[in-house]
Amino acid sequence: MGSTGGDEPRTYDVEAAQVKWQQFWERNATFQADRNSTKERRYVLDMFPYPSGDLHMGHAEAYAMGDVLARLWRMQGYEVLHPIGWDSFGLPAENAAIKMGEHPAKWTYGNIETQKTSFKRYGLSLDWTTELHTSDVGYYKWTQWLFAQFYKRGLAYRKNSFVNWCPKDQTVLANEQVVGGLCERCHTPVTKRRLSQWYFKITEYAQALLDDMEQLEAGWPERVLAMQRNWIGRSVGAHVDFVIEGHATPVTVFTTRPDTLWGATFMVVAPDSELADAICADSARAAFEAYLERVKQSSEIERQSTEHEKTGVDLGVYAINPVNGERIPVWAADYVLAEYGTGAIMAVPAHDQRDLDFARKFGILVRPVIDTGEVDPRESGVATTGDGVYINSGPLDGLADKKSGVAKAIELLEAQHTGAAAITYRLRDWLLSRQRFWGCPIPVIHCPNCGEVLVGDDQLPVELPDLRGDDLAPKGVSPLAGAAAAAWRNVPCPNCGAPAERDTDTMDTFVDSSWYFYRYLSANDDTQAFNPAEVRAWMPVDQYVGGVEHAILHLLYMRFFAHVLHDLGLIDFNEPMQRLLNQGQVINQGKAMSKSLGNGVDLGTQIDAYGVDAVRLTMVFASPPEDDIDWADVSPASSLKFLQRAYRLATEVTSAPDADVSTGNLELRRVTHRTIKAITELVAMGRFNVAVARIMELVNATRKTLDADARSGADPAVREATQFVAQALSLVAPYVAEEMWELLGYAPSIANSHWPEPDAALLGNETVVMVVQVQGKVRAKLEVPDGLTEAEATEVALADPAVIRALDDRPIAKVIVRLPKLVSIVPQ
RNA sequence: GCCCGAGUGGCGGAAUGGUAUACGCGGUCGGCUCAAACCCGGCUGGUGGGAACACCUUGGGGGUUCGAAUCCCCCCUCGGGCACCA
């Protein structure tokens, strides 16, 4: 009980409030968006969850953040759509199904029920009427339809090449899913396999994806944009053709330094490229094949290691340097990648460290062509890469900077038709096939006569067959290629009727998640993937919220999808997410929570102990949204204490709901309106932790007013302050906010209340604290009436004893006045 | 190696050119209590001083400015991303 005592209940029953308001919101469809609304619309989107079990601390933080904005915008009078669904295809379900001898759907949809209950308890302002599951036939039919659109446009194709293979999950992986040479999901070292696989031609959009980042600069975190730029990896340089002795077609290399061509003393091709095989001399064949075998055995990690000693083999052929006619040897070495550029490079050992290391190991000629004034690379073993004067470079000799050297070299190559300016990207096409069952089947039939045949729109969906348990166990190929799926797989060719087979791979689940936010807008429409009119009405998304771990996965893929959908004429924008918030992680004792460390914190236990409101408040208040929260550093118990303290204000308000606020305590009213202004701005800027601090200050100020005078409970200013405390609090602590709202005598729900505008007349102050500096040091803090003139302020400042003492009779050189709060005096 | 971001009390953090350390945690002293928990209130960057007060303090060094945590240059440390990418 509080020190002032009283008969009314002074705290709220956390558990009872949670049950009561959940029911209320559900019954009244409080958070259901009105599709026919005439209000301005806002679309708040959280990255949809994978139904892995129950809601955990990480979800709790992410969803708390999105809800703050959704709730603010709703109260500000926008029609807010805040949907939710399930990214319900994926490997964990399949693994669980194998273990239990079940169908993956059972595990998946069971988890969804559990998680859904937790979501509802968590008090999020979600519209459940558009709930979707990517594993529902009604959804994945349209994933297949979209694949077909991509295919028809030439953006989905199959090719045979070395691909990333996870030996544990027994499936291929996209480049984006290989992190440091390990499988993103299970951390097994990734190996290479040669397979025919489906790809999306994301490389065709490399430049567009770079260019359109300009639109995102205002609303996306800089680090995400940087990561995407880095990942796309644009390099500007030139293509140069080298004739190979004894071969008709020249080999093209890509280089960023065509100006160093005169120093190219050998050429290197990737051992696992077709090119190496094609040009290898008979005399070198045996050595080459032994080397290739060795390269294939080594893991990605080994190969990528910077410590890795250079290896390679002489292919026994010579190339002709197009600028000086010099014969240079051609080597195969694994430091050249088959997939990047053309799979072949010109090596300039004097000015590239990798080439220098290689040349020194194998005794190949090193010839500097730029004199940078540094030690000769032949002596130092350190390649020089800076600007300098060109030497040994024919027509470039005497030039002194890289820029003109590069330009001159390209001009020369173009004139003799042996090369041209070129741009290369690091980004590779998106490998979308997966050798697993619980995913969206690729709607293609392979016919011995007709080849690849796309399943017609009228034949969609291609439904998954009913496989379970051991049928799904990894056998090196997709379960859909196994005996149990024979009946599903063997179908007549839609073209010629001959016996044919369905494609047995399923799509990467990132395909599913690249378009779910369009589907929310017409989730139950079985005539189209999404309704263009609804997309026009609601999109782009105003705020997207999710983890930064998707910076170059989902967030790149969904951008690519949007570009294609735009080119297909299905949407009229390129960038679907205007603002992006990457919330931090919840960690414990400095480390990510994990089972092996045993430092996990269970969300359900926290909620049972402190309530939803306190947990959410803790999440939001602990740090800026994008920073990690260490649960060891926070105190949900004190969050609850604060909520009870706020609640208590409402129990002490005795004025009528329609009381005339203009008669209220002016000081408190000023604090309230300043707080309204500050919180409105802070929340809009995503500075939620600071906004909460402001709520706390308003609670403190209101408490002081109440404690100062026993009659303050009847003061309408106290009601006004408390009312705003409830509204601001409702952004993070919706249950206690509803309780307060009811106690104040207003009709629920507070979520539909009108967010106040600050009264401009109340933003000023009668008096302000004016700081007086002498030589930049604060010498006095004076309480003066607001609205002094500069001359008056100066006069008051110079009269202050502390200021006089600090001036010590020195004459004044300058006085700078910044009204209303500062006077800076500069003595001579 | 390249690219981003960050360094502020014992801790999370606030202040983005104008009162450094808001708000909270922790601590401490006091009130309530037979007692304790809860709750309520005060104090809480450092050094010197009995006090008034003075000086110092935003990773380090330099600069711009009447005034710098904030802007500029150099360096250090930490976190993240990419990485034999030609």
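Not measured: the values here are computed from a predicted model. Residue numbers start from 1 in every chain, and the chains themselves are labelled A, B, ... in the order their sequence lines are given, proteins ahead of strands. Side-chain atoms are counted along with the backbone in the values below, which use heavy atoms only and exclude waters and symmetry mates.
- In this structure, of B:C82, B:G18, B:A86, it is B:A86 that holds the atom nearest to the side chain of A:Val336.
- Along RNA chain B, the nucleotide closest to A:Thr255 and the one closest to A:Arg223 are compared, and the more 5′ of them pairs with A:Arg223.
- Aromatic rings of A:Phe266 and A:Phe358 (six-membered ring for Trp) have centroids within the 6.0 Å cut-off, being under it.
- Pairing partner, B:C66: B:G18, with both Watson-Crick or wobble hydrogen-bond distances short of 3.5 Å.
- Classified by interplanar angle (parallel below 30°, tilted 30° to 60°, perpendicular above 60°), the ring pair A:Tyr647/A:Tyr12 is tilted.
- Between A:Ile629 atom CD1 and B:C25 atom C1' the separation is 14 Å, expressed in whole Å.
- A straight line from CG of A:Leu640 to P of B:G24 spans 16 Å, rounded to a whole angstrom.
- The phosphate of B:U65 has neither OP1 nor OP2 within less than 4.0 Å of any side-chain N or O from A:Lys814.
- Remark: P of B:C25 and OH of A:Tyr610 are 14 Å apart, rounded to the nearest angstrom.
- Listed nucleotides B:C66, B:A20, B:A54 differ in distance to A:Arg805; the shortest reach to its side chain belongs to B:A54.
- Nucleotide B:C23 holds its C1' atom 6 Å from the CD atom of A:Glu697, rounded to whole Å.
- The environment of A:Arg810 atom CZ is dense: over 12 non-hydrogen atoms of other residues, nucleotides or ligands sit within 6.0 angstrom.
- Separation of the C1' atoms belonging to B:G7 and B:G42 is 33 Å when rounded to the nearest angstrom.
- Rounded to whole Å, the separation between the P atoms of B:C38 and B:A51 comes to 33 Å.
- Rounded to an integer number of Å, the gap from NZ of A:Lys777 to P of B:A20 is 10 Å.
- Residue contacts for A:Lys781: at a heavy-atom cut-off of 4.0 Å it reaches a base atom on one of the strands shown.
- Comparing B:G17 with B:U65, their C1' atoms sit 9 Å apart, to the nearest whole Å.
- A 3.5 Å limit on both hydrogen-bonding distances identifies B:U44 as the Watson-Crick or G-U partner of B:G26.
- Here the side chains of A:Met267 and A:Ile279 are not in contact, with every heavy-atom distance at 4.5 Å or above.
- Figure legend. B:C82 is base-paired to B:G1; pairs are counted as Watson-Crick or G-U wobble with both atom distances under 3.5 Å.
- As rounded to the nearest Å, B:A37 and B:C29 have P atoms that lie 12 Å from one another.
- Between A:Arg648 and the phosphate of B:C40, there is a side-chain N or O to OP1/OP2 separation shorter than 4.0 Å.
- Shown here for A:Leu356 and A:Ala383, the closest heavy-atom pair between the two residues is CD2-N, 3.5 Å.
- Whole-Å rounding puts the A:Ile232 CD1 to B:A83 P distance at 14 Å.
- Between atom CE of residue A:Met65 and atom CG of residue A:Leu581 there is a gap of 7.0 Å, rounded to the nearest 0.5 Å.
- Side chain of A:Val778, nearest nucleotide from B:G81, B:C40, B:U19: B:U19.
- Base orientation of B:G67: anti, since the glycosidic angle falls outside 90° of 0.
- Closest approach of A:Asn689 and A:Pro624 over heavy atoms only: ND2-N, 3.5 Å.
- Distances shorter than 4.0 Å separate none of the side-chain N or O atoms of A:Tyr335 from OP1 or OP2 on B:A86.
- Here the side chain of A:Glu222 is nearest to one of B:A86, B:A20, B:C4, namely B:C4.
- Residue A:Ala226 places its side chain closer to B:C4 than to any other of B:C39, B:C82, B:C4.
- Within the 4.0 angstrom heavy-atom criterion, no nucleotide atom of any strand lies near A:Asp355.
- The line from CG of A:Leu617 to CE of A:Met696 is 5.5 Å long, rounded to the nearest 0.5 Å.
- A:Gln773 comes within 4.0 angstrom of a nucleotide base, judged by non-hydrogen atoms across all strands.
- For B:G7, the paired base is B:C76 (Watson-Crick or G-U wobble, both distances below 3.5 Å).
- At B:G24, one or more side-chain N or O atoms of A:Asn700 fall inside 4.0 Å of OP1 or OP2 (strictly under the cut-off).
- A distance of about 43 Å separates the P atoms of B:U28 and B:G67, rounded to the whole Å.
- Across all strands, A:Thr256 comes closer than 4.0 Å only to sugar-phosphate atoms, never to a base (heavy-atom distances).
- A:Asn588 contributes no side-chain N or O that, together with a main-chain N or O of A:Trp631, makes up a donor-acceptor pair within less than 3.5 Å.
- For B:U16 and B:U21, the P atoms lie 13 Å apart once the distance is rounded to whole Å.
- Taking atom P in both B:U77 and B:A68, the straight-line distance is 28 Å, to the nearest Å.
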Under 3.5 Å, which protein N or O atoms sit close to an N or O of nucleotides 10-14 of chain B? Give each pair with its distance.
from, atom 1, to, atom 2, distance (Å)
B:G12, O2', A:Ala622, O, 2.5
B:G13, O3', A:Asn689, ND2, 3.4
B:A14, OP1, A:Asn689, ND2, 3.2

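- Between the C1' atom of B:C2 and the CG atom of A:Asp352 lies a distance of 14 Å, rounded to the nearest Å.
- When the nucleotides B:A86, B:C66, B:C55 are ranked by their closest atom to the side chain of A:Leu337, B:A86 comes out on top.
- Taking atom CD1 on A:Ile587 and atom C1' on B:G79, their separation rounds to 11 Å, with Å as the unit.
- When the nucleotides B:A86, B:C4, B:G81 are ranked by their closest atom to the side chain of A:Met227, B:G81 comes out on top.
- A:Phe642 approaches A:Ile695 most closely through the heavy-atom pair CZ-CG2, 4.1 Å.
- Backbone-only engagement by A:Arg645 is indicated by non-hydrogen atom pairs under 4.0 Å involving sugar-phosphate atoms exclusively.
- Toward the 5′ end of RNA chain B lies the nearest nucleotide of A:Arg818, the other residue of the pair A:Arg818 and A:Ser635 mapping further downstream.
- Annotation: B:G50 and B:G12 have their C1' atoms spaced 37 Å apart (nearest Å).
- The minimum heavy-atom distance linking A:Tyr610 with A:Val14 is given by the pair O-CG1, 4.3 Å.
- Set against B:C39, B:A83, B:A86, the side chain of A:Lys641 has B:C39 as its closest nucleotide.
- Backbone-only contact: A:Val826 has heavy atoms under 4.0 Å from sugar-phosphate atoms and none from a base.
- Among the atoms of the strands shown, only primed sugar atoms or phosphate atoms (P, OP1, OP2) are found under 4.0 Å from some heavy atom of A:Ser235.
- In this structure, A:Lys310 is not positioned above the aromatic face of A:Phe362 in the sense of NZ or CZ being under 6.0 Å from the six-membered ring centre and within 45° of the axis.
- Between B:C40, B:C84, B:A54, one nucleotide has an atom nearer to the side chain of A:Asp334 than all others, and that is B:C84.
- When the side-chain nitrogen and oxygen atoms of A:Arg674 are compared with OP1 and OP2 of B:A22, none of them lie within a distance under 4.0 Å.
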